[in-house]
Amino acid sequence: MKNKLRIVFLGTPEFAVPSLDMLVEQGHDVCAVITQPDRPKGRGHKMIAPPVKQRALELGIPVYQYEKLSREGLQLLQELAPDLMITAAYGQMLSSKVLAVPPYGCINVHASLLPEYRGAAPIERAVIEGKAQTGVTTMYTVRAMDAGDILEQDILPILPEDTGGSVRAKLSQIGAGTLQRTIEKLIAGTLKRTPQDESKVTYAPMFERGFGKVDFTQSAQQICDLIRGANPEPGAYAMLDGLKIKLTFAQVAQGSGTPGQILMSDPKQGLIVGAGDGAVRIMRLQYPGAKEMDAGDFLRGRGKLLQQGMQFEQ
RNA sequence: CGCGGGGUAGAGCAGUUCGGUAGCUCGUCGGGCUCAUAACCCGGAGGUCAUGAGGUUCAAAUCCCAUCCCCGCAA
């Protein structure tokens, strides 16, 4: 076997960029990058190119974008004739015809310890559910979502101060290493494949609209895990007077009281809210129209808006 | 041309409706009190009020115009 492969890379968000970089640095022939189409995003509906596209253009790699790759891009893939395809958070399911193009198959980088957390939001779900560790898995891509044979895995402990964003950043880097090792073993002929234990499968579906509203009847620990896991995306929040107040960092605090009620509101002592079990100290928050800031800063300037005794809506 | 909020001292805000000495809570610096302190008292420094040799005016943070940046919603 050759020791440098001709590869088509399929990926979309920031998470996939380190893996793309790695392939190039390792000297593989990344002959094309396929990514999701540019989308109108943000204020003003400006068209935004996916991070992987931006990086590919910097690297001088041809970029192709399809609404439906399986229908529109099959011929291109066949003409490119890659040895191997790599997917990393691409965002589309691939047809069996597409998967059949590269002789060495299609390998996916997934941000969980499969068979746990198959699906679109494995990183945030792991933090939100209070897991002590998560990781990255490489596996062969099959037609069922994240169900292919496992190739290589790396484990990452989730620290108490970790957020969805911090874990995502770490796994993004780790994933490049996992993928590198996977390809090295593939080339060396020592790669082993392990079927997933179907009895241990769990799913991490995409977050539905409205997700992230804090349920203050949960335990203080559960609330804090939701807040940090959902930070920065999709975001955790509480409603007060019809306003959505984003909560971006919290700690378990002393005390107890009515769930959702502000037990203390003081620039020095902090913002304490009752939980179903215990209480949480809101450390950082974001009021509509304002920047994210420390709770103390907010109370110093706009403390009238979050006074002791006020009740977050359930 | 998607809808809306906002840019005032190192931080968070008030003042803008009805133009007329730039203020509050903190932080910071100095001093005091205290066994001590994130407490308390006294004093000080710190701001071209986002930008524009813009417009109106005797006078603009405030009214008008343009531009830049930030945030929420919606996608």
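Within every chain, numbering begins at 1; the chains are lettered A, B, ... in the order of the sequence lines, protein sequences first and strands thereafter. Because the structure is a prediction, the values reported are computed rather than measured.
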Open item on the list: Side chains of Thr87(A) and Asn108(A) only: does a donor on one sit below 3.5 Å from an acceptor on the other?
Closed with: yes
Open item on the list: With no hydrogens and no angle check, just 3.5 Å: does a side-chain donor-acceptor pair link Gln36(A) and Gln65(A)?
Closed with: no
Task: Short side-chain N/O contact to A38(B) OP1/OP2 from Gln269(A), under 4.0 Å - done: no
Open item on the list: Is Lys244(A) close enough to C73(B) that one of its side-chain N or O atoms is under 4.0 Å from OP1 or OP2 there?
Closed with: yes
Please report the distance, rounded to the nearest Å, between [atom1] in [X] and [atom2] in [N].
X         : N      : atom1 : atom2 : result
Leu271(A) : G12(B) : CG    : C1'   : 14 Å
Glu292(A) : A11(B) : CD    : P     : 16 Å
Asp294(A) : C13(B) : CG    : P     : 12 Å
Arg300(A) : G12(B) : CZ    : P     : 11 Å
Met293(A) : G72(B) : CE    : C1'   : 13 Å
Phe298(A) : A11(B) : CZ    : C1'   : 14 Å
Lys46(A)  : G2(B)  : NZ    : C1'   : 12 Å
Met239(A) : G72(B) : CE    : C1'   : 12 Å

Is the closest basic N to carboxylate O distance between [X] and [Y] below 4.0 Å?
X         : Y         : answer
Asp149(A) : Arg193(A) : yes
Lys200(A) : Glu116(A) : no
Arg39(A)  : Glu67(A)  : yes
Arg284(A) : Asp294(A) : yes

TODO: Under 4.0 Å between any heavy atoms, over every strand shown, what does Lys41(A) touch: base, sugar-phosphate, or nothing? Just pick one.
DONE: base
- [ ] Describe the nucleic acid contact of Gly42(A) in one word from base, sugar-phosphate, nothing, applying a heavy-atom distance below 4.0 Å.
- [x] base
Open item on the list: For Tyr237(A), does the six-membered ring have the charged nitrogen or CZ of Lys244(A) within the cation-pi criterion, i.e. under 6.0 angstrom from the centroid and within 45° of the normal?
Closed with: yes
Task: Face-on cation placement of Arg55(A) at Phe15(A) ring, 6.0 Å and 45° thresholds - done: no
Roughly how far apart, to the nearest Å, are [N] and [M] at atom [atom1]?
N      : M      : atom1 : result
G47(B) : G5(B)  : P     : 32 Å
C18(B) : C65(B) : P     : 15 Å
A50(B) : C71(B) : C1'   : 15 Å
G27(B) : U67(B) : P     : 41 Å
G20(B) : C49(B) : P     : 15 Å
G2(B)  : U21(B) : C1'   : 45 Å
U25(B) : G43(B) : P     : 13 Å
A60(B) : U51(B) : P     : 15 Å

- [ ] Could you check which of C70(B), A74(B), U25(B) has an atom nearest any side-chain atom of Lys291(A)?
- [x] C70(B)
TODO: Select one nucleotide: of C13(B), C70(B), U25(B), the one nearest the side-chain heavy atoms of Arg302(A).
DONE: C13(B)
Open item on the list: Quick check on Gln254(A): does its CD atom have over 12 non-hydrogen neighbours (other residues, nucleotides or ligands) under 6.0 Å away?
Closed with: no
If pairing requires Watson-Crick or G-U wobble contacts with both distances under 3.5 Å, which nucleotide is the partner of [N]?
N      : answer
G52(B) : C65(B)
C40(B) : G32(B)
G2(B)  : C73(B)
U21(B) : none

Task: pi-stack flag for His45(A) and G2(B), centroid dist under 5.5 Å, interplanar under 30° - done: yes
Task: Gly301(A) vs Gln286(A), nearer the 5' end of RNA chain B by closest nucleotide - done: Gly301(A)
TODO: Produce a footprint string for nucleotides 4-9 of chain B: one letter per nucleotide, 5' end first; B if the base is under 4.0 Å from any protein heavy atom, S if only the sugar-phosphate is, - if neither.
DONE: BB----
